[in-house]
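Inspection log for the structure reproduced underneath, given as structure tokens.
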Amino acid sequence: AQEPMAMVREQDHDAETSPESAKALIYRTVLFCSMASMLLGYDVGIMAAALPNMTEDLELSITQEEVIAGSLNIVAGLCAVLAGHTADKLGRKKALGIACVVFALGAAVMASAFSFSVLFVGRIITGVGVGYGLVIAPLYLSEVAPPDKRGFLVCLFDVILNVGILEGYIVGYIVQVSVEGPGARWRTMIAIAILPPVVIIAGLFYLAESPRWLMQVGREQEAKAVLKKMIPNNDAVQDVVKEIKDVIAAETSNNYSDVLCPATKALRSALHISLGLAITQQITGSEAVIYYTPEIMEQAGITSLADQILWALPVGCAKLAGELISVPLLDTQGRRPMLLIGGFMQSVSLFFLSLSFLFEWGFASTIIFISSFMFFFEVAAPISWLMPSEVYSTGKRGKAQSIAVTLNRIVSGVIAVSFLSLSRAVTVPGTFFLFCGIAALVTAWYYFVVPETKGMTLEEITILLNRNQKGSSVGSINSVDESGYDSVVRDKGHLRDHAMDDGEIGEHEEEKGNVFTLH
């Protein structure tokens, strides 16, 4: 009985994957999963150019224009939780493929619409596709990425989203100046959105299914076969299989009520931080500024729609630049400095943007201050996606992130749905003064609530969340108490026993030294 097993092991060793093949598979997965975030980015950017043309062609009211702009994010948020269940039932590849098909279908319905009702139906369908893609693609990516690259890839997903926004602006301008008639223009802009999901679907045929999901549904041999393609060292495969089983056991022992109804101070603090960051990222009005850039430029004195779209390009470039600068600094300068600088400077930028409208300083100042606002928004924005994965253990992390995505998209949609009506009710400068005040309050919340988690293990973060209530007193682990870090180390054994009951410590510590861990 042992001889066949020995032969299997020998065959397994002979089939060891080369490092180049393993990297190629992972890079393909990164490429096509990241393209899913580009779908939302392109939609946001292209809608800025398409909305004025839609309004002129279909004679949309202000309310209808707001609904078309904001409904996608609200639907995407509501679908985020359902997306996780679909991915668990069908697998990551199939679920991502379905998301792409739904998105393409929604874009096709919108492009062929000749009334608000059909346009709205298409927008809802597109929102379902976006909501599924925003959850499934990062999930898929995190389960095939090496642990030392996972944090970078989480941020890369958001970077690609901003690339999509800039792409939408560029395509919008090109179509605006090269296609005649508002109806033909916006239909062309929307129809182009069908191409990326088709490319992603084609790419899925060259990707492997998530080994984490294969293990979850009992297909262990298939999972091992996939792992051997991803790991150029077969000796590590069995260790990874064991780790995946441990993670699955931790997740199945937790449910959404464990996240939403926390039993310990650490879990209550984690919920406060993760949901707070999801709300505060969007509540300062960034999504509305992106969707309604042409309308804002018109208020600043730019009358040509083509010029309004053209001057949106610096805004998109500033938004992308902010994130490209922020992401590398997160692990060197920390999370809190990025949040505090980003939040404070958003408030300053919005204050001067309000003054530029109030005193009619001209479109140049408007572009400068809008670009400044979007730049500093992106300095802080990546942390809203990163920190929920740092304050929760593996067993609760996925559920916490899906809740945060849902809330984030709904807030974004509400802001977009109400922006035009709000600006007409309290004037454009009044609206930006309101967002300025909100940004100032958000910065204060960052200061008093959000801890510094740079370079800390989950165990150390849990100690901070258990002992402290104010973010200002948890800027680093050295400030946990007067005796410094050493006392924290001495208390780890006691806190481990207390926190293990809640699934908060133990699962994460083993991740740090492994060759390849999948979550």
Side-chain angles (χ1 to χ4, degrees), residues 38-76 102-130 161 163-198 287-299 302-313 315-316 412-413 416-417 419-421 423:
M38 192 180 290
L39 298 181
L40 175 60
Y42 178 82
D43 179 89
V44 172
I46 204 64
M47 285 303 292
L51 266 176
N53 287 292
M54 283 181 185
T55 301
E56 180 181 352
D57 181 47
L58 301 179
E59 300 181 348
L60 301 180
S61 66
I62 291 175
T63 301
Q64 289 174 331
E65 189 177 355
E66 289 176 320
V67 168
I68 293 301
S71 58
L72 180 140
N73 280 316
I74 295 175
V75 173
V102 172
F103 183 93
L105 175 62
V109 171
M110 288 181 63
S112 60
F114 284 91
S115 68
F116 168 76
S117 299
V118 178
L119 189 64
F120 179 64
V121 170
R123 197 69 175 151
I124 296 298
I125 297 172
T126 306
V128 174
V130 168
L161 188 149
V163 171
I165 292 175
L166 185 58
E167 177 192 16
Y169 281 156
I170 294 171
V171 171
Y173 177 72
I174 293 172
V175 173
Q176 184 67 34
V177 298
S178 60
V179 177
E180 293 294 330
R185 287 177 187 142
W186 75 260
R187 293 179 199 283
T188 302
M189 295 175 189
I190 298 300
I192 291 173
I194 299 173
L195 298 178
V198 172
E287 199 91 344
V289 169
I290 293 295
Y291 273 126
Y292 300 116
T293 298
E295 284 86 347
I296 295 171
M297 295 300 177
E298 183 179 13
Q299 292 291 323
I302 302 176
T303 56
S304 166
L305 180 55
D307 289 341
Q308 293 166 9
I309 299 171
L310 177 64
W311 285 110
L313 293 178
V315 178
S412 171
V417 162
F419 179 79
L420 291 180
S421 297
S423 64

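Each residue takes its place number in the sequence, starting with 1. Note that this is a predicted model, so its numbers are computed, not measured.
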Minimal non-hydrogen separation, [X] against [Y], with atom names:
X	Y	answer
Pro197	Phe103	CG-CD2, 3.8 Å
Ala76	Val130	CB-CG1, 4.1 Å
Arg123	Ser71	CG-OG, 3.3 Å
Ala49	Ile309	CB-CD1, 3.6 Å
Gln308	Ile302	NE2-O, 2.8 Å
Val109	Ile125	CG2-CD1, 4.3 Å

With side chains defined as the heavy atoms from C-beta onward, is the minimum distance between [X] and [Y] less than 4.5 Å?
X	Y	value
Tyr42	Pro196	no
Met47	Met54	yes
Asn53	Leu305	yes
Leu161	Met38	no
Leu58	Ser115	no
Glu298	Thr303	no
Leu310	Val177	no
Thr55	Ile68	no

May I have the list of side-chain donor-acceptor pairs in residues 288-295 shorter than 3.5 Å, sequence neighbours left out?
| unit_1 | atom_1 | unit_2 | atom_2 | d |
| --- | --- | --- | --- | --- |
| Tyr292 | OH | Ala416 | O | 2.7 |
| Thr293 | OG1 | Tyr169 | OH | 3.4 |
| Thr293 | OG1 | Val289 | O | 2.5 |
| Thr293 | OG1 | Ile290 | O | 3.3 |

With Ala108 via side chain to side chain contact (heavy atoms under 4.5 Å, CB included) - residues at least two apart |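 Expected list: Ile194.
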
Side chain Glu66, main chain Ser421, donor-acceptor under 3.5 Å |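 Checking the backbone N and O of Ser421 against the side chain of Glu66, a donor-acceptor pair under 3.5 Å is found.
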
Without swapping roles, check the side chain of Gln299 against the backbone of Ile296 for a donor-acceptor pair under 3.5 Å.
->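 No, because the side chain of Gln299 does not come within donor-acceptor range (under 3.5 Å) of the backbone of Ile296.
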
Side-chain atoms of residues 183-192: list all donor-acceptor pairs with protein atoms under 3.5 Å, sequence neighbours left out, distances to 0.1 Å.
| unit_1 | atom_1 | unit_2 | atom_2 | d |
| --- | --- | --- | --- | --- |
| Arg185 | NE | Gln176 | O | 3.3 |
| Arg185 | NE | Val179 | O | 2.8 |
| Trp186 | NE1 | Asp57 | OD2 | 3.0 |
| Arg187 | NH1 | Ala111 | O | 3.1 |
| Arg187 | NH1 | Ala113 | O | 2.5 |
| Arg187 | NH2 | Ala113 | O | 3.0 |
| Thr188 | OG1 | Ala184 | O | 2.7 |

Give a yes or no on whether Phe116 atom CZ has more than 12 heavy-atom contacts from other residues, nucleotides or ligands under 6.0 Å away.
->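 Yes.
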
Nearest-0.5 Å distance that lies between atom OG in Ser304 and atom CE in Met297 =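 It is 13.0 Å, given to the nearest 0.5 Å.
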
Value rounded to 0.5 Å, distance of CD1 in Ile165 from CG in Asp43 =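 Nearest 0.5 Å value for the CD1-CG distance: 10.0 Å.
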
Step by step, work out the side-chain contact (heavy atoms from CB on, under 4.5 Å) result for Thr63 and Leu420.
-> CA-CA 8 Å; Thr63 301; Leu420 291 180; over 6 Å; no

Can you check side-chain contact (heavy atoms from CB on, under 4.5 Å) on Leu40 and Leu72, steps first, answer last?
-> CA-CA 9 Å; Leu40 175 60; Leu72 180 140; 3.8 Å; yes

